[in-house]
Number of protein chains: 2
Amino acid sequence: MTRILSEKYRSKVMSAEEAAKLIKNGDTIGFAGFTGSGYPKALPVALAAQIKAAHARGDEFRINVLTGASTAPELDGALAETGGVGMRMPYQSDPSMRNAINNGTSDYHDVHLSHSAAQVRHGFWGEMDFAVIEVTKIKEDGTVVPSSSVGNNNVYMEKAKGIILEVNSWQSEDLEGMHDIYSNKMAPHTEPIPITSAGQRIGSTTYDIDFSRVVAVIETDSADRNTPFKPLDDESKAIASHFIDFLGGEVKAGRIPSSLLPLQSGVGNIANAVLAGLLDAPFDQFVSYTEVIQDGMVDLIDAGKLAVASATAFSLSPTCAEKMNDKASFYRTKIILRPQEVSNHPEVIRRLGVISCNGLLEADIYGNVNSTNVMGTKMMNGIGGSGDFTRNAFISCFVTPSVAKNGDISAIVPMVSHHDHTEHDAMVIITEQGLADCRGLSPKQRAKKIIDNCAHPDYRAQLHDYFDRAAVKGVHTPHLLTEALSWHQRFLDTGSMKIS
Amino acid sequence: MTRILSEKYRSKVMSAEEAAKLIKNGDTIGFAGFTGSGYPKALPVALAAQIKAAHARGDEFRINVLTGASTAPELDGALAETGGVGMRMPYQSDPSMRNAINNGTSDYHDVHLSHSAAQVRHGFWGEMDFAVIEVTKIKEDGTVVPSSSVGNNNVYMEKAKGIILEVNSWQSEDLEGMHDIYSNKMAPHTEPIPITSAGQRIGSTTYDIDFSRVVAVIETDSADRNTPFKPLDDESKAIASHFIDFLGGEVKAGRIPSSLLPLQSGVGNIANAVLAGLLDAPFDQFVSYTEVIQDGMVDLIDAGKLAVASATAFSLSPTCAEKMNDKASFYRTKIILRPQEVSNHPEVIRRLGVISCNGLLEADIYGNVNSTNVMGTKMMNGIGGSGDFTRNAFISCFVTPSVAKNGDISAIVPMVSHHDHTEHDAMVIITEQGLADCRGLSPKQRAKKIIDNCAHPDYRAQLHDYFDRAAVKGVHTPHLLTEALSWHQRFLDTGSMKIS
């Protein structure tokens with residue numbers, strides 16, 4: 001049965017191939033999609049074919065790709081493989097797109113997720129030619145039910161000259177009622193975002209779209225790119241246990257309530273493991289004000305531990321995605337999906353007193369964090385929302401195994417090779433070895449704590465040696481400038497950060 | 001005539017020396033004071049004498065010093081010289097304090113100014129033994145008129161076990177009515193800060209103090225540490241002119257209104273010069289949402305260009321401070337002094353769409369900024385509010401001469417030796433050479449623009465050479481890890497960043 005109940009929208013139905021023809025060389029397109037959910041599944045593939053054909057004819061065809069965050073092979077992958085993506089913004093995690101960025105085919109703009117919407121609205125990224133948005137259903141009255149992510153969809157549809165909708169019948173119709181769509185005005189007319197608790201709704205459950213700009217409606221029936229999480233291992237369990245002990249200590253010290261403060265959890269296996277750890281933790285009826293709903297959060301809801309979770313998208317395993325589709329009418333009473341400019345807005349994060357928990361590539365002995373550039377130069381995925389939350393959290397935590405590549409890379413280094421979060425913002429560093437609470441510590445105090453508590457034993461002596469030799473001089477942040485980045489260079493030269 | 005009109009407060013009057021005796025070894029003290037204004041002038045000197053006497057007797061005497069921001073020789077200077085400051089938070093600029101921090105006598109915590117109040121309120125910094133606050137007047141009803149800065153005074157007085165007031169009759173009584181004292185609740189009970197325009201008042205004009213905790217009242221009559229600004233030179237005029245051209249371009253492009261968006265201006269000579277430049281710029285009736293009122297802003301008010309300025313403190317020349325004292329009844333209709341957790345709050349900065357403009361120590365070719373650590377190691381003053389504004393501004397700008405130390409230090413380097421503001425946050429870099437608008441540019445695009453537009457001609461070839469050799473590899477952020485910090489090392493070794 002069709003999900004397009006509005007007559008006028010039905011008149012715009014066409015194939016993805018027909019719709020793709022509307023898009024021209026040089027166009028800027030705002031795509032739906034956030035951490036592999038709610039992205040358009042048909043149009044990007046058809047567009048990629050069209051770009052390839054143009055290139056085969058010797059014609060130029062390059063487009064600018066804006067999204068919510070990462071998407072999937074059918075979007076970032078297909079488009080990047082054509083070599084026809086000129087500009088990409090704001091977060092990505094596709095291997096082909098990553099290659100295009102690193103080899104210079106595509107210019108990548110790694111902006112904070114909370115900034116992207118306002119910048120588009122104010123025209124920093126030029127004119128928006130098309131918005132290509134996946135939705136669940138178009139209702140009789142012409143209002144539109146969002147799908148499994150909201151991201152920047154509201155802004156892209158407000159700004160785009162042409163709107164292309166993909167109506168995906170794989171998404172559960174029971175998602176209706178889960179979303180909270182709210183758009184703010186441009187400065188200087190911006191108003192306070194009135195959220196004072198994670199579960200509060202301030203907007204509408206559907207998109208109100210300007211039909212006069214709808215140029216195509218495509219019907220699809222395809223699953224989101226849902227990938228299973230890695231099974232919990234001892235390392236991730238140890239990390240979760242340090243985090244939970246820390247929270248317990250904060251409760252005991254009276255700095256946070258026994259039901260905690262709203263939790264944010266980054267995307268990925270380690271973050272998901274931390275959530276799993278909370279299942280057995282002595283905290284009840286806590287809430288989450290976060291970016292993405294992963295399996296661990298759904299489990300916490302099922303267990304009755306998590307009262308409500310606010311986010312902008314799902315990022316689920318295939319099994320959990322099926323459960324979500326089956327029981328969306330239940331989960332929509334516990335989960336709110338908001339635009340990313342609300343889920344990640346500093347105003348709300350700071351007000352609610354969020355406790356953030358994100359992954360990292362490496363941290364240094366002074367608590368600076370690299371989340372994006374491998375060995376200081378090669379783009380991995382982007383900063384995502386980690387800056388939005390870290391910078392404004394009540395307590396900001398980072399989690400990572402202490403070593404990578406079979407021990408040849410230490411996650412704790414003398415100086416990070418790229419800075420995404422500074423010593424002013426990162427508060428707590430956690431590895432399977434232990435936890436360093438850097439709040440209220442000067443750089444020299446932090447160095448000792450991070451080395452002793454977080455670094456892998458194989459690297460502790462080497463780190464202490466660096467610090468001790470640097471600290472001979474009377475300075476605030478001891479460093480040996482000729483050695484600060486030598487660990488990374490040694491890895492590039494020898495395959496290991498260890499001094500052989 | 002006395003400024004202490006309340007009988008009960010008069011009963012607490014004593015000398016600074018008597019009051020200082022209340023303070024014991026190990027105490028944590030929240031002092032008033034922000035950029036050399038509104039700090040207590042008598043108690044810290046008396047306390048320093050007491051600490052020195054204790055040390056002479058061989059007794060231990062160390063205190064922890066929290067303030068709004070930088071103070072003056074009578075506070076940071078006098079206390080640092082005793083060697084008795086254990087911990088210092090959050091911003092300082094006194095030479096003796098700087099030495100104590102770098103040589104390890106004092107542990108310095110360089111936290112964002114907007115974070116400091118909430119962290120104190122939540123107990124991150126331990127118990128607050130005393131608040132030592134300068135005020136202008138104690139009224140008959142016991143309410144208290146603030147003086148020339150607000151800073152963290154409200155929070156320190158809420159938290160401290162004992163409150164010591166200095167009533168300074170040098171401050172104009174007409175300051176009454178200029179302040180807007182507003183305290184928010186702790187998370188999770190924090191409420192939206194209802195400011196939607198820079199000139200809006202949301203609090204009270206006086207402090208409402210819990211008298212039962214007032215342990216001493218001291219009378220003083222001393223000027224703030226007001227230092228003259230350097231006369232404008234060609235360099236600062238060129239920087240101002242690039243900034244103003246940029247703003248004009250933004251207006252023309254329709255991205256900001258012709259009356260601009262609220263301006264923030266950092267502390268110091270260059271920032272003040274930028275303000276001076278606005279006197280002749282084609283913008284009218286603009287407003288300022290900033291941290292500090294400097295001479296340039298007062299001149300703009302006098303000229304009828306600046307409609308209203310919101311800040312937390314003054315930082316004026318002696319001449320301008322006299323004018324402020326004479327005409328406070330006029331200026332209080334144009335100037336609002338708020339607590340620093342409001343003046344610097346991300347919520348309000350982001351909402352109002354502030355255009356920030358701050359100084360820096362160095363920027364790199366990818367737009368990362370060092371504001372604090374000279375040659376990556378030696379603490380200068382601290383990050384102050386630059387992070388609060390840069391991270392949340394609608395447009396964030398940084399201004400600096402392109403070289404320092406007679407040309408031997410380039411303000412544009414391959415990689416900054418310390419990161420206070422990342423490439424994700426700094427948008428526009430301005431030197432006397434020109435302006436680089438990095439919005440919407442990938443790292444490689446930024447590098448070319450920053451080198452060509454901002455670097456001093458003496459360093460351009462050297463920077464291009466670094467970038468070109470690094471960019472040979474297909475990576476997102478080209479760097480040569482063995483050379484990235486070599487410019488700083490060369491300066492340390494040879495006295496110049498130039499390759500001889």
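Quick note on labels: first sequence line is chain A, next is B, and so on, each numbered from 1.
When the candidates Val354(A), Asn392(A), Asp425(A) are compared by the number of heavy-atom contacts under 4.5 Å with chain B, Asp425(A) comes out ahead. Interface remark: of the candidates Asn368(B), Asn184(B), Leu441(B), Leu441(B) forms the most heavy-atom pairs closer than 4.5 Å to chain A. Taking Ser442(B), Gly353(B), Ala187(B) one by one and counting their heavy-atom pairs under 4.5 Å with chain A, the maximum is reached by Ser442(B). Heavy-atom pairs under 4.5 Å with chain A peak, among Arg391(B), Arg255(B), Lys378(B), Met379(B), at Arg391(B). Counting heavy-atom pairs under 4.5 Å between each of Pro346(B), Pro443(B), Gly123(B), Ser197(B) and chain A puts Pro346(B) at the top. Annotation: maximal heavy-atom pairing with chain B below 4.5 Å, among Ile383(A), Val416(A), Asn99(A), occurs at Ile383(A). Counting heavy-atom pairs under 4.5 Å between each of Ile256(B), Ile101(B), Asp420(B) and chain A puts Asp420(B) at the top. Among the candidates Gln119(A), His488(A), Gln445(A), His479(A), the residue making the largest number of heavy-atom pairs closer than 4.5 Å to chain B is Gln445(A).
The line from CG of Leu485(A) to CG of Leu480(B) is 11.5 Å long, rounded to the nearest 0.5 Å. Note that CD1 of Ile395(B) and NE2 of His122(A) are 9.0 Å apart. Values are rounded to the nearest 0.5 Å.
Within the 4.5 angstrom heavy-atom criterion, only side-chain atoms of Ala484(A), from C-beta onward, approach chain B. Of the atoms belonging to Asp364(A), not a single heavy atom falls under 4.5 Å from chain B. Proximity to chain A (any heavy atom under 4.5 Å) is shown, for Asp493(B), by neither the backbone nor the side chain. In this structure, chain B has no heavy atom under 4.5 Å from any part of Met186(A). With a threshold of 4.5 angstrom between heavy atoms, Met427(B) approaches chain A through side-chain atoms but not through N, CA, C or O. Residue His189(B): no heavy atom, backbone or side chain, is found under 4.5 Å from chain A. Leu492(B) touches chain A through its side chain: at least one heavy atom from C-beta onward sits under 4.5 Å away, while N, CA, C and O do not. With a 4.5 Å cut-off on non-hydrogen atoms, Ile349(A) does not touch chain B at all. Heavy-atom distances place the backbone of Glu191(B), and not its side chain, under 4.5 Å from chain A.
The shortest side-chain heavy-atom distance between Thr377(A) and Pro478(B) does not fall under the 4.5 Å cut-off. Inter-residue side-chain proximity for Phe394(A) and Thr190(B) is flagged as unmet; no heavy-atom pair is nearer than 4.5 Å. Considering only heavy atoms from C-beta on, His115(B) stays 4.5 Å or farther from His424(A) through its side chain. Side chains of Thr422(A) and Thr422(B) form a contact here, defined as non-hydrogen atoms less than 4.5 Å apart. Considering only heavy atoms from C-beta on, Pro257(A) comes within 4.5 Å of Pro188(B) through its side chain. Looking at Trp125(A) and Arg439(B), their side chains never come closer than 4.5 Å, going by heavy atoms from C-beta outward. Side-chain contact between Leu481(A) and Phe491(B): absent, with no pair of heavy atoms (C-beta onward) separated by less than 4.5 Å. Here the side chains of Met415(B) and His419(A) are not in contact, with every heavy-atom distance at 4.5 Å or above.
Ion pairing between Arg350(B) and Glu347(A) fails under the 4.0 Å rule for side-chain N and carboxylate O.
Partner His476(A) forms a side chain to side chain contact (heavy atoms under 4.5 Å, CB included) with one of Thr372(B), Asn373(B), Val374(B) and no other, that one being Asn373(B).
Residues of residues 104-114 of chain B lying under 4.5 angstrom from chain A, judged on non-hydrogen atoms, are Gly104(B), Asp107(B), Tyr108(B), His109(B), Asp110(B), His112(B), Ser114(B) by number.
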